Amino acid sequence: MENKIDEAPKKSLNFIEAFVEQDLKDGKNGGRIQTRFPPEPNGYLHIGHAKAICLDFGVAKNYGGICNLRFDDTNPVKEDVEYVDSIQEDIKWLGYNWANVYYASDYFQQLWDLAIELIKKGKAYVDEQSAETIAKQKGSPTVPGVESPYRNRPIEENLELFRKMNTGEIAEGAMVLRAKIDMASSNMHFRDPLMYRVINSHPHHRTGWTWKAYPMYDYAHGQSDYFEGVTHSLCTLEFEVHRPLYDWFIDQFKDSDYRPRQIEFNRLNLTYTVMSKRKMLQLVQEGLVSGWDDPRMPTICGLRRRGYSPESIHNFIDKIGYTKFEAQNDIGLLEHSVRESLNKTATRVNAVIDPVKLIITNYPEGKVEMMETINNPEDETAGKREIAFTRELYVERDDFMEDAPKKYFRMTPGQEVRLKSAYIIKCTGCKKDENGKVEEVYAEFDDQTKSGMPEANRKVKGTLHWVSATHCLDAEVRLYDRLFSVENPSADERDFRELLNPGSLKVLSNCKVETSLGNAKALDQFQFQRIGYFNVDSDSAPSKLIFNRTVSLKDSWAKEKEK
RNA sequence: UGUCUCAUGGUGUAAUGGUAGCACUGCAGUUUCUGGAUCUGCCUGUUAAGGUUCGAGUCCUUAUGAGACAACCA
């Protein structure tokens, strides 16, 4: 037995964990591990952020370090407290606790002081050219830039102008502070990058009108990492080109052996989804979805409302891994992850989403039998409950066919099926309206086949779910599907809004569910037997039950039908 | 016609110079009071060409393809 444990396969490290372990082995930073999750509070978190969160918090946890939450709030034009709250809620929901909450705005004074130091060293200057001129002078990746005429302004003058940038004496857009590096560098970010710009049209959500000059990302981010003692600054691939500049700024100011290390990994791309904040915002603003938490959105709040468990998201992220390859991840894997998670935890209930009446013609009128049924066959501790059985029931319209193919295991005249947790019945026929639509299905039950009786062990091909027509509740069921109809909306030439899946939401208003669902609370997760996983929508009320389909069950009959 | 990064089945990801493995998907079967779940089996892969080496997915060279970078955004 002990040998078995030794033989357990070691989980292989991703390249970031390998770097971290090597740094630890090399004794860097005194063996300390510290990461940070640095969202800009300008939007809701999505599953791509969840990937970063799992890494930032996960690395800290696995290597005995800490992870801080830091809001990168250096642009008051776009940022808002509204987002600060939702971001914290979403991180907690994912199951993580930060050691501290910081704000880049906490460092405005320190950053200011360092900028002055840089000016005094002759390594930064105030440029008063227009944004367009500066852009033009940057050149292009293949053409070197040209130096600003203000590049060699005297230090005293730079100090004076920089001070004025922050007093309101300088108009927004009129001046910037730039680091003096190399206008001919092959790395565009080295061509005298902007460090500060003037913003006096918007108050900052935390510092109000105190500051008029705000630091730019490349300067603020790296220094914030440094101030906090971050050892591993993990970010996505598009910041790869920024790393030399990140290092450059740190080199200007560092005063010990300690330095944070930036490592980049691939961002999450999901098929049939868009992940850009801009596009999501457009979907919300144009009413193409009901809001940031629309269950079709890849936002954390959307997934939560859809019925995804935190565990399902962790499992998914675990499976896709972290590399430097720009992958397209199959949304099918996310769906698999949620089925895997909910299979173990969701109570099985009976819900008929497209009901047709089934009458057991030889069952006494008015009789009510309470049938015992198991809550979750995957979890012995989940217990049992009772459901009412009566002469008139509802079953799925799909579960009856007058002329059925050979492999149809459900109700068709002459065929026996089992009603789950109740009796075996034999279908005898149906009644149709003038259009040929089935109005009622008829069957006879065998009183020796009640679940638990010896005769109940008789082999029958199909087992159907049902609810009593007299002991059930009405419900609305929202069937959600993938938001887009093409695999990669971002790669399509057409406008992404034309690519929306018209069938991404179907509302069924005439569903019948078992009475036990009457006291279900918002977000409670269930498996509607034979249909899928559903949860209680946040708009649901006892007087109007609303369920969202998280994901359907795998359906091998649907595949068989297609053949 | 720059710099940087990347390339393993349909998709994603391992193999850290020594038997190309895992997961998802797909297919076939087993089993089942959910056509779910379970269990079993199968299909499919190292971008190309050279080189180093006893031995290369891994190291080197070149080619090809893909991505990132020219916001007073982060």
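Since the structure is predicted, the reported quantities are computational estimates derived from the model, not experimental observations. Below, read A as the first sequence line, B as the second, and so on, with proteins coming before strands; counting in each chain starts at 1.
Spacing between B:U47 and B:G41 at atom P, rounded to whole Å, works out to 28 Å. Atom C1' of B:U8 sits at a distance of 27 Å from the matching atom of B:U3, rounded to the whole Å. Distance noted for atom C1' between B:G29 and B:A15: 31 Å (whole Å). With both ends at atom C1', the span from B:A49 to B:G10 equals 27 Å, rounded to whole Å. B:C43 sits 15 Å from B:C24 when the C1' atoms are compared, rounded to a whole Å. A distance of about 31 Å separates the C1' atoms of B:G50 and B:U11, rounded to the whole Å. For B:U1 and B:A70, the P atoms lie 22 Å apart once the distance is rounded to whole Å. For the P atoms, the distance from B:G21 to B:U44 is 13 Å, rounded to whole Å.
For B:U34, neither phosphate oxygen OP1 nor OP2 lies less than 4.0 angstrom from any side-chain nitrogen or oxygen of A:K554. Applying the 4.0 Å criterion to OP1 and OP2 of B:U25, one finds that A:R339 has every side-chain N and O outside that range. Taking 4.0 angstrom as the limit, A:K78 places none of its side-chain polar atoms (N or O) nearer than this to OP1 or OP2 of B:A74.
At a threshold of 4.0 angstrom between heavy atoms, the contacts of A:G452 include nucleobase atoms, whether or not backbone atoms are also involved. When heavy atoms are screened at a 4.0 angstrom cut-off, A:T271 is found touching no nucleic acid atom at all. Nucleic acid contact for A:P377: base, since at least one base atom lies under 4.0 Å from a heavy atom of the residue. Using a 4.0 Å heavy-atom cutoff across all strands shown, A:S556 reaches sugar-phosphate atoms only and no base atom. In this structure, A:R348 reaches the bases: a heavy-atom distance under 4.0 Å links it to at least one base atom across the strands shown. Contact annotation for A:Q529: base contact, defined as any heavy-atom pair under 4.0 Å involving a base atom. Residue contacts for A:E21: at a heavy-atom cut-off of 4.0 Å it reaches no nucleic acid atom on any strand shown. Residue A:F528 is out of contact with every strand shown, counting any heavy-atom pair closer than 4.0 Å. Within the nucleic acid shown, A:F239 comes within 4.0 Å of at least one base atom, counting heavy atoms only.
Side-chain contact check for A:N375 and A:T347: no donor-acceptor pair (N or O, by modelled atom type) lies under 3.5 Å. Between the side chains of A:E40 and A:Y83, no donor-acceptor pair is found at a separation under 3.5 Å. A donor-acceptor pair shorter than 3.5 Å cannot be found between the side chains of A:N350 and A:H465. In this structure, a donor-acceptor pair under 3.5 Å is present between the side chains of A:S516 and A:E514.
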Sugar-phosphate or base contact per nucleotide [nucleotides 10-23 of chain B; S, B, -; heavy atom under 4.0 Å] = -SSSS--------S

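Residue A:K420 has its side chain nearest to B:U34 when only B:A74, B:U34, B:C69 are considered. Taking every side-chain heavy atom of A:R197 into account, B:A74 is the closest of B:A74, B:A71, B:G36. Here the nucleotide nearest the side chain of A:R530, chosen from B:G36, B:C27, B:G35, is B:G35.
Pairing analysis of RNA chain B (Watson-Crick: purine N1 to pyrimidine N3 plus N6-O4 or O6-N4; G-U wobble: N1-O2 and O6-N3; both under 3.5 Å) yields stems of 3 or more pairs at B:2-7 with B:64-69, B:10-13 with B:21-24, B:26-29 with B:39-42, B:47-51 with B:59-63.
Residues satisfying the ring pair (Phe, Tyr, Trp, His ring centres under 6.0 Å) test with A:H336, not counting sequence neighbours, are none. Judged as a side-chain hydrogen bond (donor to acceptor under 3.5 Å, both in side chains), and not counting sequence neighbours, the contacts of A:Q22 are A:D26. Every residue was checked against the side-chain hydrogen bond (donor to acceptor under 3.5 Å, both in side chains) condition with A:D398, not counting sequence neighbours, and none meets it. Checked against side-chain hydrogen bond (donor to acceptor under 3.5 Å, both in side chains), A:E128 has the following partners two or more places apart in sequence or in another chain: A:R153. Looking at residues two or more places apart in sequence or on another chain, you find a side-chain contact (heavy atoms from CB on, under 4.5 Å) between A:E369 and A:Y363, A:K367, A:M371, A:F389, A:Y423, A:K450. With sequence neighbours excluded, the residues satisfying side-chain hydrogen bond (donor to acceptor under 3.5 Å, both in side chains) with A:T373 are A:S421.
A:F316 places its CZ atom 13 Å from the P atom of B:U25, with the value rounded to the nearest Å. Atoms CE (A:M195) and P (B:A71) sit 19 Å apart, rounded to a whole Å. In this structure, CD of A:E560 is placed 9 Å from C1' of B:G35, rounded to the nearest angstrom. Computed from coordinates, the A:N488 CG to B:G67 P distance equals 11 Å when rounded to whole Å. The NE2-C1' distance, from A:H221 to B:C73, rounds to 14 Å in whole Å. Straight-line distance from the CG atom of A:N343 to the P atom of B:U32: 18 Å, rounded to whole Å. Regarding A:E340, its CD atom lies at a distance of 17 Å from the P atom of B:G36, rounded to whole Å. Taking atom CD on A:E240 and atom C1' on B:C6, their separation rounds to 9 Å, with Å as the unit.
Cation-pi check for A:R70 over A:Y103 is not met; the charged atom does not lie both under 6.0 angstrom from the ring centroid and within 45 degrees of its normal.
Outside the 6.0 Å centre-distance limit, the rings of A:Y102 and A:F227 are not counted as a close aromatic pair. Aromatic ring centroids of A:F547 and A:F528 lie under 6.0 Å apart.
The aromatic ring of A:Y217 does not sit over the base of B:A74; the criterion of centres under 5.5 Å apart with planes under 30° is not met.
Comparing A:A174 and A:K559 along RNA chain B, the residue whose closest nucleotide (by nearest heavy atom) sits nearer the 5' end is A:K559. Each of A:T142 and A:L194 was matched to the nucleotide of RNA chain B holding its nearest heavy atom; the match closer to the 5' end belongs to A:T142.
Listed by first and then second residue, the salt bridge (Lys or Arg N to Asp or Glu O under 4.0 Å) pairs involving residues 312-332 of chain A are A:E240-A:K324, A:E264-A:K324, A:K319-A:E340 (not counting sequence neighbours). Among residues at least two apart or in separate chains, salt bridge (Lys or Arg N to Asp or Glu O under 4.0 Å) pairs with a member in residues 161-176 of chain A are A:E160-A:R163.
Within residues 175-191 of chain A, the residues approached by RNA chain B to less than 4.0 Å at the level of any non-hydrogen atom are A:V176, A:S186, A:M188, A:H189, in residue-number order. Of the residues in residues 378-386 of chain A, those lying under 4.0 Å from RNA chain B by heavy-atom distance are A:E378.
By the 6.0 Å contact criterion, CZ on A:R267 is open, its count of non-hydrogen atoms from other residues, nucleotides or ligands being 12 or less.
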Taking it one step at a time, do A:T207 and A:S105 satisfy side-chain hydrogen bond (donor to acceptor under 3.5 Å, both in side chains)?
-> CA-CA 7 Å; A:T207 62; A:S105 51; 5.9 Å; no

